[in-house]
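Everything on this sheet refers to the single structure shown next.
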There are 2 protein chains.
Amino acid sequence: MTVKRETSGEEKLIERFFKPLAIHPGALNLSDDAAYLSPPPGHDLVLTTDSTVAGVHFFEDDPPETIAKKALRVNLSDLAAKGAEPIGALLAISLPGNFDEGWIANFARGLGEDCIAFSCPLFGGDTTKTPGPLSISITAIGKVPSGKMIKRSGAKPGDLVVVSGTIGDAALALELKKRLLSGGLGTLNKPQAAELTRRYRIPEPRLALVAALRAHANAAMDVSDGLVGDLGKLAAVSGVRAEIDTAKLPLSNPAHDAIAAEPALLSVAITGGDDYEVLAAIPEARFAAFAEAAGAAGVPVTTIGRFSTGEDVSVLGPGGQELSFENASFSHF
Amino acid sequence: MTVKRETSGEEKLIERFFKPLAIHPGALNLSDDAAYLSPPPGHDLVLTTDSTVAGVHFFEDDPPETIAKKALRVNLSDLAAKGAEPIGALLAISLPGNFDEGWIANFARGLGEDCIAFSCPLFGGDTTKTPGPLSISITAIGKVPSGKMIKRSGAKPGDLVVVSGTIGDAALALELKKRLLSGGLGTLNKPQAAELTRRYRIPEPRLALVAALRAHANAAMDVSDGLVGDLGKLAAVSGVRAEIDTAKLPLSNPAHDAIAAEPALLSVAITGGDDYEVLAAIPEARFAAFAEAAGAAGVPVTTIGRFSTGEDVSVLGPGGQELSFENASFSHF
């Protein structure tokens with residue numbers, strides 16, 4: 001008897017839900033062991049990988065669409081901060097036994113929307129079962145003109161400390177979730193709370209800024225582990241000191257209201273992480289041009305301080321006093 | 001007060017154990033958000049990602065060195081089957097709470113040995129905690145001369161079905177482990193059992209074959225989910241039929257003895273998976289040259305059948321009868 005070829009459950013899953021996302025010709029419709037990529041001439045590739053795990057980076061009961069989007073976007077955020085445009089991504093997903101097809105369909109739909117929105121098709125992937133929580137590892141590949149990747153290490157004394165968007169929303173969303181039983185955050189109304197939650201679940205990778213960053217930034221990184229700690233990393237690898245003034249911190253309306261009602265939340269906002277905004281060192285003479293380019297790209301940018309000679313980070317509080325922190329940034333260990 | 005910059009536990013872990021593996025200049029000593037890669041001119045890149053999860057792909061109490069090696073090698077095996085030489089890899093590792101530094105040190109040592117042995121430095125990575133089992137996702141990047149990646153889809157009627165190395169060792173190692181309390185496999189002695197276990201824990205990526213494969217193969221893939229099922233995938237995407245004769249199957253000494261003592265184990269050997277050998281379609285006129293090149297590279301290769309017009313896979317048993325299988329290959333779902 002001949003072994004009649006039957007398509008396995010794993011193949012069906014890939015065929016049905018992930019193949020439509022693999023529109024790059026090198027992805028070979030996900031029907032091969034690997035993908036190929038003919039590198040764009042005159043460019044370097046930029047490579048980054050980030051995992052998101054249920055119960056650590058998102059909540060298991062978050063909508064599958066937002067879980068997918070966050071898993072991709074935290075990687076795209078790294079590309080954006082490096083001045084790189086996405087080329088594609090590889091997805092490794094470990095599914096617990098209790099997943100259902102409806103969940104996967106919604107996950108793939110969310111991922112597919114972002115693959116299109118950010119021109120980042122799926123190059124390949126791996127689907128396995130796990131006895132543990134849902135885990136997603138994505139590797140994103142981007143491109144920059146040769147030699148033009150923006151590093152963390154280029155900040156110079158005198159450069160301005162600049163951030164995109166608003167800081168603290170995701171960390172405040174987590175704090176809000178923790179306090180759900182004890183009355184929430186200050187007097188935030190429902191739309192304000194929803195806005196914070198949206199920022200936690202669906203970060204906005206600042207790919208619109210890549211041209212402006214490549215044209216003007218001496219150094220950049222994305223803020224994922226908390227502003228103060230991440231600024232410390234950038235300053236350390238650049239060999240400079242950074243001073244920021246929290247009075248200048250760009251806050252969303254709900255973050256502003258939450259901190260106004262409970263000033264101690266400022267510390268949560270600037271150390272909590274999950275912002276996925278760009279932190280950049282911009283020479284003062286270039287800032288006007290950078291801000292104009294960023295504005296034209298639809299992304300607000302704000303100067304919150306300055307780099308200088310020396311080391312460490314100084315954080316000026318709202319009353320002009322210097323602040324200190326027990327944990328300046330998030331660390332898994 | 002200034003925020004004195006303190007290196008986090010996560011940074012220390014990366015600094016101490018993984019930075020020494022990141023010898024590619026584009027890895028920036030793992031001190032940035034991303035790595036850059038100036039693509040080798042005249043080449044395509046080959047991209048693959050595979051996860052390994054404790055309790056699924058390896059045993060939690062396997063030696064950390066072999067866990068690391070297997071996690072990398074299953075990816076290198078994909079590159080080898082595509083005719084690609086490694087350039088580098090990205091590592092995303094999720095560690096349960098109970099890991100200790102000694103474990104990590106041994107894991108990194110094993111990984112480092114393979115990074116050197118296979119010229120595959122670490123480009124970057126991500127280290128997170130997980131409430132679940134140890135999970136490792138690796139993305140490997142390789143290169144082939146432009147347009148020369150060997151696909152699954154090129155097998156032609158008349159091509160020989162060729163495999164590298166020996167088939168079934170890892171699947172028999174798993175069977176052996178299952179039966180530990182009931183007396184093991186037939187009359188295998190301790191060194192034989194150890195040899196099977198070694199093949200399960202540390203597969204051999206057939207990178208030594210890449211030049212020979214590029215010169216002679218019409219199609220190739222690596223055998224990870226079982227020979228019969230994987231051959232079915234290759235035949236289906238190539239639009240051909242495959243016939244193999246198990247009497248020609250290359251078996252290791254312990255696999256040979258185990259199957260001789262218990263003929264039903266043949267089915268385990270050819271459907272169980274985890275072989276990480278290369279399965280290739282070689283035109284008959286090229287086989288002598290292919291085998292000579294493979295021999296010169298130190299890798300035995302064996303013809304086990306032939307592709308023909310039609311579809312499905314036919315497996316001839318030792319007595320000349322056709323075999324059938326309940327599950328021709330491993331699928332997670």
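Side chains are part of it too, since the values below use all heavy atoms of this structure and drop only hydrogens, waters and symmetry mates. Residue numbers start from 1 in every chain, and the chains themselves are labelled A, B, ... in the order their sequence lines are given, proteins ahead of strands.
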message = So, taking the atom named CG in B/Asp33 and the one named OG in A/Ser77, what distance separates them when rounded to the nearest 0.5 Å?
response = 8.0 Å
key: Heavy-atom pair count under 4.5 Å with chain B, highest-scoring of A/Val237, A/Asn29, A/Asn75, A/Asp222   = A/Asp222
ask   = Residues in side-chain contact (heavy atoms from CB on, under 4.5 Å) with A/Ser135, at least two apart?
value = A/Val53, A/Ser94
query = Considering only heavy atoms, which portion of B/Leu316 lies under 4.5 Å from any heavy atom of chain A: side chain, backbone, both, or neither?
reply = neither
key: Side-chain H-bond candidate by donor/acceptor type, A/Ser38 with B/Asp44, under 3.5 Å   = yes
ask   = Who passes side-chain contact (heavy atoms from CB on, under 4.5 Å) against A/Thr52, sequence neighbours left out?
value = A/His57, A/Phe58, A/Ala71, A/Val74, A/Ile136
note = Okay, B/Leu28 and chain A: the region with an atom under 4.5 Å from a heavy atom over there is side chain
request  = Name the member of A/Gly97, A/Gly125, A/Gly124, A/Ala235 that forms the most heavy-atom pairs with chain B at distances under 4.5 Å.
outcome  = A/Gly125
query = In terms of heavy-atom pairs under 4.5 Å, which option from A/Gly55, A/Pro39, A/Pro40 contacts chain B the most?
reply = A/Pro39
note = On a heavy-atom basis, the closest approach of A/Asp126 and B/Ser51 is OD2-N, 2.8 Å
inquiry  = Counting heavy-atom pairs closer than 4.5 Å to chain A, which one of B/Asp32, B/Thr139, B/Thr49, B/Leu37 comes out on top?
reply    = B/Asp32
key: Portion of B/Met221 that has a non-hydrogen atom of chain A nearer than 4.5 angstrom   = both
key: Portion of B/Ala220 that has a non-hydrogen atom of chain A nearer than 4.5 angstrom   = backbone
inquiry  = Just so I understand: if I count every heavy-atom pair under 4.5 Å between each of B/Ser31, B/Ala27, B/Gly132 and chain A, which residue has the most?
reply    = B/Ser31
message = Suppose a student defines contact as a heavy atom less than 4.5 Å from any heavy atom of chain A. Which residues in residues 78-90 of chain B would they list?
response = B/Asp78, B/Lys82, B/Leu90
task = For the residue pair A/Leu45 and B/Leu45, establish whether any side-chain heavy-atom pair is separated by less than 4.5 Å.
result = yes
request  = Identify, with sequence neighbours excluded, every residue that meets ring pair (Phe, Tyr, Trp, His ring centres under 6.0 Å) alongside A/His24.
outcome  = A/Phe123
query = Highest number of heavy-atom pairs under 4.5 Å with chain A: which of B/Ala140, B/Pro133, B/Gly142?
reply = B/Pro133
